[in-house]
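Accompanying notes for the structure given below.
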Amino acid sequence: MTILNSPSVDTVPKLLLRNAVRFADRPAMREKQFGIWREWAWKEVLVEVRSLAIGLALMGAAKGDKIAILGANRPRLYWAMAAAQSIGCVPVPLYQDSVAEEIAYVLDHAEARIIICEDQEQVDKVLSMQGRLPRLTHIIYDDPRGLEDYHLDHVLAFDVLQSTGRTAVDAPGTIEQWLAGVEAGTDDALAVILYTSGTTGRPKGVMLSFRNVLVSAEHGNAFDRITETDNVIAYLPMAWAGDHIFSYAQSHLAGFCVNIPENRETILENRREISPTYFFSPPRVFEDFLTHVMVRMDDAGWFKRWLFRVFMAHAHKVGEPILDGKPVGVVDRLLYRLGSFFIYGPLKSQMGLSRLRAGYTAGEAIGPEIFRFYRSLGLNLKQLYGQTEACVYIALQSDGEVHSDTVGRAAPHMQIRIADDGEVLYRGAGVFVGYFKDERSTASAIIDDGWVRSGDAGFFDSSEQLKILDRIKDVGALADGKLFPPKYIENKLKFFSHVKEVVCFGNGHPFATAMINIDLVAVSSWAERNNISYSSYQELTAHPRVIELIAGHVATVNRQIANEPNVGHAQIRRFVILFKELDADDGELTRTHKVRRNIIVDRYAPVICALYDGSREIDMSVAVTFEDGRQGVLKGRMQIQNAETFGVAASRVFEHAA
């Protein structure tokens with residue numbers, strides 16, 4: 001492999017030096033600002049990174065120091081990572097929507113000396129916790145709005161720091177000294193510390209070397225033939241391993257352009273303008289896409305709705321075979337082309353994915369129906385199985401071998417085996433160095449001969465593709481010993497646009513139950529069309545017509561799984577619609593929007609009891625955190641519903657394990 005055998009390009013800063021020559025005038029990064037796309041070529045990025053790196057060094061940043069990065073995707077924050085690495089420091093990106101308490105924990109645990117923040121909001125979070133961060137010496141900010149009157153010696157503007165570096169560049173020997181530092185970097189040096197989302201407890205700092213990062217990125221580029229002509233849109237948290245590989249490492253390796261939206265609200269619009277050829281997203285984004293589509297179709301005239309139903313039915317029949325290059329009749333192909341003109345093409349254009357060559361979803365299981373919907377449109381959407389500890393790639397799907405219930409075969413640099421208890425184990429060049437300051441957890445995760453415990457239950461099917469059931473601790477059994485796979489059931493319900501989140505219970509219980517969050521956008525649109533008035537989310541969740549709507553979806557899912565003997569006994573018997581949305585600020589979701597089941601079980605224990613003791617309704621008070629950080633209490637009454645269930649079909653081979 002190139003990275004393994006080429007010391008001249010075995011770190012990201014070395015790749016930047018190479019790209020500034022090889023791809024000098026090609027765009028490296030674009031950002032939408034005030035309605036205009038601003039562009040930086042690779043040679044310009046080198047100048048920006050070099051001046052920032054020298055400025056940091058003059059500030060006192062030394063080899064081994066941790067430099068935290070806090071904010072949304074911004075060119076300067078990506079440059080800050082490269083600048084830190086070029087002088088031997090270790091970047092530590094944080095989730096931008098973290099509350100002050102979470103930020104303080106990571107900064108303290110990582111022993112960060114410097115933090116580079118996006119704007120006033122992030123600076124204020126850090127300042128509010130300053131007393132708990134004795135190691136933190138400097139706070140750098142990018143956007144100066146609102147910070148003009150912050151006259152604090154340790155709070156400094158990005159422009160000032162970079163200007164210091166630019167001035168110093170003219171001094172004899174400065175550039176040579178910086179270049180020598182870059183060339184001294186090695187592939188076994190620590191490249192980044194990425195903190196886990198903390199699904200089961202405090203986040204852990206995953207230490208990744210340049211070798212880990214670049215070998216994974218190189219194999220990913222080769223697998224999908226990614227080159228400098230591709231482009232991506234960077235909108236996922238910089239603290240997430242997926243963004244670090246796709247938007248940072250793979251970009252530096254291949255030389256493609258990274259496009260950054262103006263803000264969170266304009267992501268869809270900006271994606272339409274860019275139309276990325278390479279795209280990565282967790283399932284939630286695709287679920288939101290589908291909700292948006294279904295809401296718009298519900299609001300459309302009868303002819304458009306009819307056209308949509310007819311052509312989507314045809315797409316479900318032949319869309320995937322055509323995408324996979326399988327034989328399809330001439331008439332079906334002609335009808336599909338017609339559907340592309342009227343429906344599929346406009347839909348892909350609306351999503352900003354009309355030029356997509358390769359797209360991936362990962363992070364958690366995606367509903368099979370949702371997955372097939374996108375592939376039937378002709379989008380080359382695939383699944384990969386990965387973890388931060390593996391530098392993302394563990395298994396991934398090849399073109400033409402894509403199945404909704406598998407995650408593909410082992411990545412080129414990885415080996416996978418299944419332990420006796422069903423846990424997925426893996427090892428390879430992408431495996432992390434260890435958890436920062438946590439030898440006990442490292443020893444627990446990395447076992448004999450370098451095998452890493454994934455924490456997921458899975459198995460290989462007859463075609464040697466990996467199937468993931470769920471987190472091994474979450475796959476359980478009903479009281480009678482029959483299999484209970486909660487994620488599989490939850491994903492089926494989340495296919496409906498009116499359902500945003502689902503948490504199923506059943507392990508050790510006589511039957512399965514569910515707590516459901518409605519999707520406010522979809523349900524409010526539905527309510528408007530049905531002349532249903534309401535004044536709040538809470539009132540909407542309690543409306544009889546809304547309950548009836550969700551009950552219909554639950555019945556549909558029960559009917560589906562009744563036809564699958566291996567899970568038919570896990571039909572949802574009772575459910576409740578929560579009067580509040582599950583929220584990361586309340587600790588109920590991780591920052592990557594995964595459900596924290598242990599927190600849910602503790603926090604909603606009275607609701608779970610009511611689901612099983614025959615209660616018809618329950619009153620509850622829940623502590624909540626508002627956007628401005630204030631604490632409050634939300635009270636509500638929830639009605640518990642009995643769901644329609646169906647007879648289980650005769651036994652046959654289990655076919656789905658999403």
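Note: hydrogens, waters and symmetry copies are ignored here, and every other heavy atom, side chains too, is used. Numbers for residues simply follow the sequence, beginning at 1.
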* Tell me, with the steps shown, if Tyr360 and Phe223 meet ring-ring contact (aromatic ring centres under 6.0 Å, His included). => CA-CA 12 Å; Tyr360 281 99; Phe223 190 84; 7.2 Å; no
If you measure from the Lys or Arg side-chain nitrogens to the Asp or Glu carboxylate oxygens, is any gap between [X] and [Y] under 4.0 Å?
X      : Y      : value
Lys204 : Asp438 : no
Asp224 : Lys382 : yes
Arg211 : Asp188 : no
Glu501 : Arg284 : yes
Arg597 : Glu490 : yes

* To do: Using the test side chain to side chain contact (heavy atoms under 4.5 Å, CB included), find all partners of Glu31 that sit at least two apart in sequence or belong to another chain.
  =>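 Partners of Glu31 by the side chain to side chain contact (heavy atoms under 4.5 Å, CB included) criterion, ordered by chain and then number, come out as Gln33, Trp40, Arg74, Pro75, Ile260.
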If you compare all heavy atoms of [X] against all heavy atoms of [Y], which two are closest, and at what distance to 0.1 Å?
X      : Y      : result
Ile489 : Cys504 : CG2-SG, 3.9 Å
Leu483 : Ala570 : O-CB, 4.2 Å
Asp187 : Thr11  : N-CG2, 4.5 Å
Ala429 : Val215 : CB-CG1, 3.6 Å
Pro93  : Ile193 : CD-O, 3.7 Å
Val213 : Ala249 : CG1-CB, 3.4 Å

Determine whether [X] and [Y] make a side-chain contact, defined as any pair of heavy atoms from C-beta on separated by less than 4.5 Å.
X      : Y      : value
Asn19  : Val21  : no
Leu582 : Ile600 : yes
Val182 : Leu17  : yes
Arg409 : Leu466 : no
Lys467 : Val407 : no
Asp583 : Leu589 : no
Arg596 : Glu588 : no
Tyr488 : Val567 : yes

* To do: Could you tell me which residues satisfy side chain to side chain donor-acceptor pair (under 3.5 Å) with Arg225, sequence neighbours excluded, listed by chain and number?
  => Asp399
* Gln250 and Tyr278: side-chain donor and acceptor closer than 3.5 Å? ->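 Tyr278 and Gln250 do have a side-chain donor-acceptor pair below 3.5 Å.
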* Checking side chain to side chain contact (heavy atoms under 4.5 Å, CB included) for the pair Cys257/Asn259: CA distance, chi angles, key distance, verdict? -> CA-CA 6 Å; Cys257 183; Asn259 303 276; 3.9 Å; yes
From [X] atom [atom1] to [Y] atom [atom2], the distance as rounded to the nearest 0.5 Å:
X      : Y      : atom1 : atom2 : answer
Leu353 : Leu377 : CG    : CG    : 10.0 Å
Ile116 : Leu94  : CD1   : CG    : 12.0 Å
His252 : Tyr78  : NE2   : OH    : 11.0 Å
Ile233 : Thr277 : CD1   : OG1   : 12.0 Å
Leu190 : Cys89  : CG    : SG    : 11.0 Å
Met29  : Phe256 : CE    : CZ    : 10.0 Å

Kindly check if the number of other-residue, nucleotide or ligand heavy atoms within 6.0 Å of [atom1] ([X]) is above 12?
X      : atom1 : answer
Arg264 : CZ    : no
Arg453 : CZ    : no
Lys437 : NZ    : yes

Expected output: side-chain [X] to main-chain [Y] donor-acceptor under 3.5 Å:
X      : Y      : result
Ser444 : Arg440 : no
Thr388 : Ala241 : no
Asp10  : Thr186 : no
Gln415 : Ala410 : no
Gln85  : Ala191 : yes
Arg355 : Ile274 : yes
Arg271 : Met351 : yes
Gln383 : Ser404 : yes
Glu118 : Ala72  : yes
Glu102 : Val99  : yes

* Parallel, tilted or perpendicular: which fits the ring planes of Phe286 and Tyr374, with parallel below 30° and perpendicular above 60°? ->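 Rings of Phe286 and Tyr374: perpendicular, over 60°.
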* Asked: Does the pair Asp108 and Arg135 meet the rule for a salt bridge (Lys or Arg N to Asp or Glu O under 4.0 Å), with working shown?
  -> CA-CA 8 Å; Asp108 179 61; Arg135 296 185 186 89; 3.5 Å; yes
* Intermediate values then yes/no, side chain to side chain contact (heavy atoms under 4.5 Å, CB included), Leu356 and Lys348 -> CA-CA 9 Å; Leu356 184 71; Lys348 289 189 285 188; over 6 Å; no
* Tell me, which pairs form a salt bridge (Lys or Arg N to Asp or Glu O under 4.0 Å) where one or both residues lie in residues 227-248, sequence neighbours left out? -> Asp230-Arg357
* To do: Check the pair Phe432 / Leu194 against side chain to side chain contact (heavy atoms under 4.5 Å, CB included), numbers first and verdict last.
  => CA-CA 10 Å; Phe432 72 131; Leu194 298 174; over 6 Å; no
* To do: Might you work through the side chain to side chain contact (heavy atoms under 4.5 Å, CB included) test for Val192 and Tyr248, ending with a clear yes or no?
  => CA-CA 12 Å; Val192 67; Tyr248 186 67; over 6 Å; no
* Check each of Gln387, Glu389, Arg417 against Tyr426 using the side chain to side chain donor-acceptor pair (under 3.5 Å) test, and report the only one that passes. => Gln387
* Go through the steps for Asn270 and Tyr235 under the test side chain to side chain donor-acceptor pair (under 3.5 Å), then give the verdict. => CA-CA 10 Å; Asn270 297 158; Tyr235 69 103; over 6 Å; no
* Go through the steps to decide whether Phe246 and Phe280 satisfy the test ring-ring contact (aromatic ring centres under 6.0 Å, His included), and finish with yes or no. => CA-CA 8 Å; Phe246 277 67; Phe280 179 55; 4.2 Å; yes
